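Notes follow the structure.
Just so it is clear, the model here is predicted, and its values are computed rather than measured. In what follows, chains carry the letters A, B, and so on, assigned in the order in which the sequence lines appear, proteins first and then strands, with residues in each chain numbered from 1.
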Amino acid sequence: MINKFDSVLLAQKKFIYHYKNMRWAKGRHETYLCFVVKRRVGPNSLSFDFGHLRNRSGCHVELLFLRLLEAGALCPGLWGYGAPDSVGLCYSVTWFCSWSPCSDCSYRLAQFLSQTPNLRLRIYVSRLYFCDPEDSSAREGLRMLQRAGVQITVMNYEDYFYCWQTFVACRQRVFKAWDGLHQNSVQLARKLNDILQPGEAEDWGDAFELLGL
DNA sequence: ATTTTCAAT
């Protein structure tokens with residue numbers, strides 16, 4: 001018999017392996033996306049769905065998520081058609097992804113969101129995907145997502161803790177941080193901040209120059 | 001200092 005929670009929840013080892021935020025995440029040729037969907041009708045906001053996805057057959061996991069949205073599988077009534085009571089329906093999606101989106105996924109997500117103003121998306125990422133070169137298109141993609149109203153955040157201890165409780169078959173086992181989790185998270189958050197607020201460093205430089213420092 | 005990355009065999 002299929003138990004919902006055996007299929008919906010992630011195995012502990014899998015979660016740790018794929019979400020570890022080490023700088024050199026060797027061999028992670030998969031990307032996981034854990035999501036929570038909340039649905040708001042009027043003043044009430046309710047958790048509607050949750051689960052996880054993995055990239056498959058050359059398709060990035062973000063695009064799989066988009067496909068599910070387009071098929072009406074995750075946020076029914078998102079476009080207002082269907083039942084009359086779906087008018088004014090809002091959804092908010094929060095996802096936790098082991099990699100940040102590539103430029104193409106960012107572009108498609110931004111496009112999708114521009115057509116669905118009643119969908120809010122918040123993205124937490126464990127590691128930054130191809131973001132080392134300052135002029136990388138992945139960086140530009142993240143900025144585009146931000147302009148599309150997406151909040152992008154690097155996962156910290158509390159986020160991993162939350163994911164462990166929510167998406168992992170943890171069987172009462174408390175989440176145990178790996179070595180360097182906090183440091184890596186702080187470093188990645190700083191990098192993401194640089195990506196999303198370009199020019200700030202120069203502004204500081206200018207400020208120091210003005211102050212004669 | 002350098003290492004990897006939603007594979008390709």
Side-chain angles (χ1 to χ4, degrees), chain A residues 7-37 49-71 73-74 93-113 119 121-146 148 150-156 159-160 163-164 166-168 177-196 198:
Chain A
S7 58
V8 165
L9 297 181
L10 261 168
Q12 297 181 9
K13 281 181 182 170
K14 212 161 243 189
F15 176 79
I16 298 282
Y17 181 72
H18 286 284
Y19 278 86
K20 234 179 194 179
N21 63 355
M22 64 231 265
R23 178 133 173 75
W24 283 281
K26 204 171 185 172
R28 271 82 176 163
H29 296 300
E30 284 180 329
T31 296
Y32 280 79
L33 189 162
C34 296
F35 65 89
V36 175
V37 178
D49 202 359
F50 77 100
H52 71 267
L53 295 170
R54 194 194 79 194
N55 66 301
R56 275 170 201 284
S57 57
C59 183
H60 282 193
V61 72
E62 293 89 339
L63 298 186
L64 283 183
F65 193 92
L66 273 189
R67 278 190 203 169
L68 289 175
L69 278 178
E70 280 161 355
L74 283 172
V93 168
T94 302
W95 83 40
F96 301 85
C97 209
S98 51
W99 286 113
S100 61
C102 74
S103 57
D104 184 55
C105 288
S106 293
Y107 176 75
R108 298 214 210 172
L109 279 170
Q111 283 256 303
F112 186 89
L113 291 169
L119 172 66
L121 177 62
R122 220 171 355 167
I123 297 181
Y124 289 82
V125 302
S126 193
R127 298 180 302 267
L128 296 170
Y129 187 71
F130 281 112
C131 282
D132 281 345
E134 286 198 20
D135 59 349
S136 70
S137 55
R139 285 189 178 222
E140 187 48 44
L142 295 179
R143 286 191 284 269
M144 187 184 355
L145 270 183
Q146 188 183 45
V150 181
Q151 218 179 78
I152 313 167
T153 314
V154 166
M155 289 173 73
N156 63 19
D159 303 320
Y160 291 113
C163 282
W164 182 264
T166 308
F167 305 107
V168 177
W178 48 85
D179 284 346
L181 181 153
H182 178 67
Q183 275 184 316
N184 295 342
S185 173
V186 167
Q187 206 166 2
L188 286 165
R190 204 173 290 151
K191 187 164 169 180
L192 179 61
N193 192 51
D194 286 347
I195 293 169
L196 297 180

Discussion item. I need the full list of salt bridge (Lys or Arg N to Asp or Glu O under 4.0 Å) pairs touching residues 10-23 of chain A, with sequence neighbours left out, sorted by first then second residue.
Written reply: A:Arg23-A:Asp132

Worksheet, complete the sentence: Smallest heavy-atom separation, A:Ser136 atom then A:Phe130 atom, equals OG-O, 3.4 Å

Worksheet item: Which whole number of Å gives the distance between the P atom of B:dT5 and that of B:dT9?
Response: 15 Å

Discussion item. Taking side-chain contact (heavy atoms from CB on, under 4.5 Å) as the definition, give me every residue that meets it alongside A:Asn55, ordered by chain and number, with sequence neighbours left out.
Written reply: A:Glu30, A:Thr31, A:Val61

Worksheet item: A:Phe167 and A:His52: aromatic ring centres closer than 6.0 Å?
Response: no

Fill in: Sugar-phosphate, base or nothing in reach of A:Ser100, heavy atoms under 4.0 Å
base

Response to the item:
With a 4.0 Å cut-off (strictly under) to non-hydrogen atoms of chain A, the first and last hit nts on DNA chain B, 5' to 3', are B:dT3 to B:dA7

Practice prompt. Using a heavy-atom cut-off of under 4.0 Å over every strand shown, decide if A:Arg28 touches base, sugar-phosphate, or nothing.
Written response: sugar-phosphate

Discussion item. In terms of relative ring orientation, are A:Trp95 and A:Phe65 parallel, tilted or perpendicular, with 30° and 60° separating the classes?
Written reply: perpendicular

